[in-house]
2 protein chains.
Amino acid sequence: MELITIKDIAKALNLSTSTVSRALRGSYEINPDTKKLVIEYAEKYNYRPNPIALSLKENKSRSIGVIVPEIDNPFFSQVINGIEAISYNRGYHVVIFQSHESFERESINLKHIASRRVDGLLISLAGETNDISQLKELHEKGMPIVLFDRVSDEINTHKVISDNFEGAFTATEHLIREGRRRIAHITASPYLSITKERVKGYIAALNKYEIPVDKAMIKYSNYSSENMELIIDELLSETNPPDGILTVSDRLALGCLATLKTKNITIPEQISIVGFTNLKAASMLEPALTTVVQPSLQMGQRSAELLLDLIERKSSSIPTTYQTFKLYTELIIRDSSIVSI
Amino acid sequence: MELITIKDIAKALNLSTSTVSRALRGSYEINPDTKKLVIEYAEKYNYRPNPIALSLKENKSRSIGVIVPEIDNPFFSQVINGIEAISYNRGYHVVIFQSHESFERESINLKHIASRRVDGLLISLAGETNDISQLKELHEKGMPIVLFDRVSDEINTHKVISDNFEGAFTATEHLIREGRRRIAHITASPYLSITKERVKGYIAALNKYEIPVDKAMIKYSNYSSENMELIIDELLSETNPPDGILTVSDRLALGCLATLKTKNITIPEQISIVGFTNLKAASMLEPALTTVVQPSLQMGQRSAELLLDLIERKSSSIPTTYQTFKLYTELIIRDSSIVSI
DNA sequence: TTGTACGCGTTATCAA
DNA sequence: TTGATAACGCGTACAA
């Protein structure tokens with residue numbers, strides 16, 4: 001990559017580097033002829049300013065870091081899609097990090113990011129993460145941060161989430177209106193904000209219809225099929241087994257469906273399922289899977305916009321009031337033969 | 001992000017920046033006491049070397065660029081997962097770009113990358129791309145490049161692909177052994193290497209069983225459902241409609257299944273389908289979908305390893321022989337009640 | 001209108 | 001053992 005520098009141009013044209021710089025930068029005080037000369041030479045030899053030199057000079061990289069639990073997860077890859085779209089339009093690069101749901105790995109990623117190189121950070125917390133002091137510290141040191149989806153009350157910055165309470169409430173209510181009375185809830189790590197909100201929504205719906213809440217019906221699962229099998233076995237061996245299940249995330253919903261199929265449980269006759277998911281294709285294939293679709297693309301777009309605003313506002317030091325933006329989920333009922341709300 | 005610099009340490013400790021640098025870097029000629037002093041101060045104030053300054057100095061960024069058609073595509077997000085895993089372990093950052101299957105967008109991304117800031121490039125070509133002169137130019141200027149999945153004969157560098165010929169051959173053969181004789185092939189952009197190889201494999205399988213090849217049975221599709229509907233209509237309105245379909249990619253396979261369902265075509269009774277896919281969860285749900293699973297994670301890992309080797313070898317200027325690495329696909333037959341091979 | 005000098009943070013070279 | 005200086009590429013304040 002032997003690229004030409006401003007110095008090369010200056011030497012070739014017998015000018016000073018500053019004159020070349022001015023000519024390229026379109027500054028005012030410059031002889032039109034000189035300017036033309038420089039620009040033509042630059043074009044001819046395909047001059048590109050070295051972004052790293054600029055970064056060093058301006059102390060900003062025009063790139064943002066994104067930490068997600070897993071890239072290879074339809075929800076997050078859609079979010080990243082949205083982030084990339086906005087960032088691209090505003091001239092920023094996107095640097096990807098994965099926490100793999102691990103607190104330690106997230107912590108290492110934060111350390112990398114702390115040594116700057118990115119102008120801001122978008123993060124969705126790992127399932128293991130129970131302590132966000134490192135993130136707070138980074139924020140207090142001045143790093144613009146926006147949290148999305150899996151957020152924390154303990155940090156005061158912009159947050160973009162979907163309405164998990166409402167989503168879980170509506171989904172549970174849908175099951176109840178279908179006639180289900182014994183509804184299980186299989187969800188993710190109990191540390192996560194999304195989990196807490198969804199459990200609240202689930203319980204609120206049960207309360208509304210005066211259905212007793214049974215803790216044994218609430219299961220926290222990781223994404224392994226062994227764990228799902230264990231959970232399903234536990235649920236089915238209850239004296240009073242469930243007739244409906246509310247799952248969250250593509251993996252849990254699909255894993256649950258697949259496990260039930262291997263056990264020859266018919267859906268929705270024996271058990272009805274609602275899942276939070278973004279795998280529209282998959283839900284097309286499985287008519288029994290009513291889904292709560294999350295606004296993943298918008299979440300990425302909104303988060304990126306907010307972060308870039310923060311980054312660019314920072315220089316003009318306008319004080320910012322942090323807000324939490326809640327995006328709406330959408331309940332899509334696949335099997336209209338059963339019920340509709 | 002007011003981080004401490006080497007200069008700050010020097011000032012605070014009444015030393016020169018070079019001494020501090022040496023102490024931190026663990027160089028030899030240094031007084032143990034001074035060294036200890038510096039290191040302790042650095043730790044206390046959480047000193048981190050500025051990676052951008054290092055990049056400028058060493059003229060390398062320790063980051064690699066990745067251009068994919070769409071992040072939000074299970075195949076590519078899995079590839080990126082593999083890339084990220086390897087890069088992380090070897091101390092490189094991953095910067096993501098999307099071409100959205102557009103030649104123009106790919107071209108703009110290449111321009112960004114050409115102005116260095118990344119030490120190497122991993123790319124899977126856009127569906128529209130028919131001219132890779134820009135990529136070749138970049139490569140000739142010294143940028144280490146590895147192509148994966150959607151490659152081109154016109155450029156001489158490492159390539160990592162899956163065995164698309166074999167995959168399509170085996171899949172087609174599977175349909176033939178199931179008793180299908182009129183097999184359609186719905187595939188992606190005709191420009192793509194993967195498309196060409198798959199069509200070859202499909203034709204080779206038909207030839208082996210002396211089944212005539214009918215061009216009307218080969219359809220090039222984009223990912224829109226309108227286009228899929230059109231194609232299915234065309235196929236079904238043939239005097240001799242297909243009794244089997246070979247699709248490629250998750251979207252085409254799922255789109256095809258969904259469209260057939262809306263037309264009340266039963267699967268596999270009326271039409272049997274084989275799809276290249278990575279949506280294992282989705283294929284779990286649809287027993288009729290026999291799939292050719294592509295080694296996406298390995299593809300990402302292998303590509304990243306090769307690229308990083310190229311980057312690090314470059315400095316020692318060992319001549320490199322470029323190779324094409326072919327990874328094996330795996331045929332997974334979901335509906336064992338029909339046939340097995 | 002153009003050139004000189006400096007600084008961004010770091011390391012390597014050379015002198016002390 | 002340590003310090004001063006140059007260099008990476010760029011932009012800009014200041015001098016000419």
Side-chain angles (χ1 to χ4, degrees), chain A residues 1-39 41-42 45-63 91 112 114-119 142 315, chain B residues 1-39 41-42 45-63 91 112 114-119 142 315:
Chain A
M1 287 315 309
E2 11 120 345
L3 282 187
I4 205 178
T5 75
I6 238 175
K7 206 181 283 182
D8 298 321
I9 303 182
K11 203 172 295 174
L13 264 41
N14 251 328
L15 290 168
S16 75
T17 55
S18 44
T19 306
V20 176
S21 174
R22 269 188 296 252
L24 257 19
R25 191 133 293 269
S27 276
Y28 35 115
E29 296 156 352
I30 185 97
N31 185 322
D33 294 341
T34 318
K35 185 170 177 176
K36 198 177 164 194
L37 203 67
V38 170
I39 289 181
Y41 189 93
Y45 290 95
N46 196 31
Y47 167 79
R48 300 271 171 252
N50 182 332
I52 294 179
L54 285 177
S55 289
L56 180 62
K57 184 148 188 53
E58 299 170 12
N59 197 27
K60 59 187 171 197
S61 61
R62 288 195 82 79
S63 64
H112 275 236
S115 67
R116 89 203 108 193
R117 144 167 265 144
V118 296
D119 298 340
S315 37
Chain B
M1 286 313 309
E2 11 120 344
L3 281 187
I4 205 178
T5 76
I6 237 174
K7 208 180 281 184
D8 299 322
I9 303 182
K11 203 172 296 175
L13 264 42
N14 252 327
L15 289 168
S16 73
T17 56
S18 33
T19 305
V20 175
S21 174
R22 265 188 300 251
L24 257 18
R25 192 133 293 270
S27 273
Y28 35 113
E29 297 156 350
I30 185 97
N31 184 321
D33 293 343
T34 318
K35 184 169 176 177
K36 197 176 165 194
L37 203 66
V38 170
I39 289 181
Y41 190 93
Y45 289 96
N46 197 30
Y47 167 79
R48 300 271 171 250
N50 183 331
I52 294 179
L54 286 176
S55 289
L56 179 63
K57 183 140 192 57
E58 299 171 10
N59 197 27
K60 58 187 172 196
S61 61
R62 287 196 82 79
S63 64
H112 274 239
S115 67
R116 98 203 101 194
R117 144 167 264 145
V118 297
D119 297 341
S315 39

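A, B, ... follow the sequence lines: proteins, then strands. Residue 1 opens every chain. As the structure is a prediction and not an experimental result, all values here were calculated from the model.
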Practice item. Taking only the side-chain nitrogens and oxygens of Ser16(A), find out if one of them lies under 4.0 Å from OP1 or OP2 of dG3(C). Key: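 Checking dG3(C) against Ser16(A), a side-chain N or O does come within under 4.0 Å of OP1 or OP2.
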In whole angstrom, what separates [X]'s [atom1] from [N]'s [atom2]?
{"X": "Lys60(A)", "N": "dG11(D)", "atom1": "NZ", "atom2": "C1'", "answer": "13 Å"}
{"X": "Arg22(A)", "N": "dA15(D)", "atom1": "CZ", "atom2": "C1'", "answer": "12 Å"}
{"X": "Asp33(B)", "N": "dT1(D)", "atom1": "CG", "atom2": "P", "answer": "11 Å"}
{"X": "Asn14(A)", "N": "dT1(C)", "atom1": "CG", "atom2": "P", "answer": "20 Å"}
{"X": "Lys36(A)", "N": "dT1(C)", "atom1": "NZ", "atom2": "C1'", "answer": "18 Å"}
{"X": "Ile52(B)", "N": "dT11(C)", "atom1": "CD1", "atom2": "P", "answer": "15 Å"}

Can you list everything that forms a side chain to side chain contact (heavy atoms under 4.5 Å, CB included) with [X]? Sequence neighbours excluded, please.
{"X": "Ser55(A)", "answer": "Ser61(A), Ile52(B), Arg117(B)"}
{"X": "Lys7(A)", "answer": "Thr5(A), Thr17(A)"}
{"X": "Ile39(A)", "answer": "Leu24(A), Lys35(A), Glu43(A)"}
{"X": "Lys11(A)", "answer": "none"}

Exercise for review: Could you pull out all residues at least two apart from Tyr47(B) that satisfy ring-ring contact (aromatic ring centres under 6.0 Å, His included)?
Suggested key: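 Partners of Tyr47(B) by the ring-ring contact (aromatic ring centres under 6.0 Å, His included) criterion come out as none, since no residue qualifies.
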Review point. Ile9(B) versus Ile4(B): any side-chain heavy-atom pair under 4.5 Å?
Key: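 In contact.
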Point to revise | Close side-chain approach of Lys36(B) to Pro32(B), heavy-atom, < 4.5 Å | key: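 The answer is no, as the side chains (C-beta and beyond) never meet within the 4.5 Å cut-off.
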Check your understanding: Reading nucleotides 5-10 of chain D 5' to 3', which nucleotides get B (base under 4.0 Å from a protein heavy atom), which S (sugar-phosphate only), which -?
Key -> --BBBB
Practice item. Hey, which sits more toward the 5' end of DNA chain D by its nearest nucleotide, Thr19(A) or Thr19(B)? Key: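 Whichever sits nearer the 5' end wins; that is Thr19(B).
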Check your understanding: Just checking Thr34(B): base, sugar-phosphate only, or nothing, at a heavy-atom cut-off of under 4.0 Å?
Key ->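 Contact class for Thr34(B): sugar-phosphate only.
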Review point. Which atoms form the tightest heavy-atom contact between Pro51(A) and Ser115(B), and what is the distance?
Key: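 Shortest heavy-atom contact: CD-O, 3.1 Å.
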Check your understanding: For Ser16(A) and Thr19(A), does a side-chain donor sit closer than 3.5 Å to a side-chain acceptor?
Key ->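 The criterion, which ignores hydrogens and geometry beyond distance, is satisfied for Thr19(A) and Ser16(A).
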Point to revise | Bracket notation of DNA chain D in which parentheses pair within the strand, [ ] cross earlier pairs, and | pairs with another strand (Watson-Crick or G-U, under 3.5 Å) | key: ||||||||||||||||
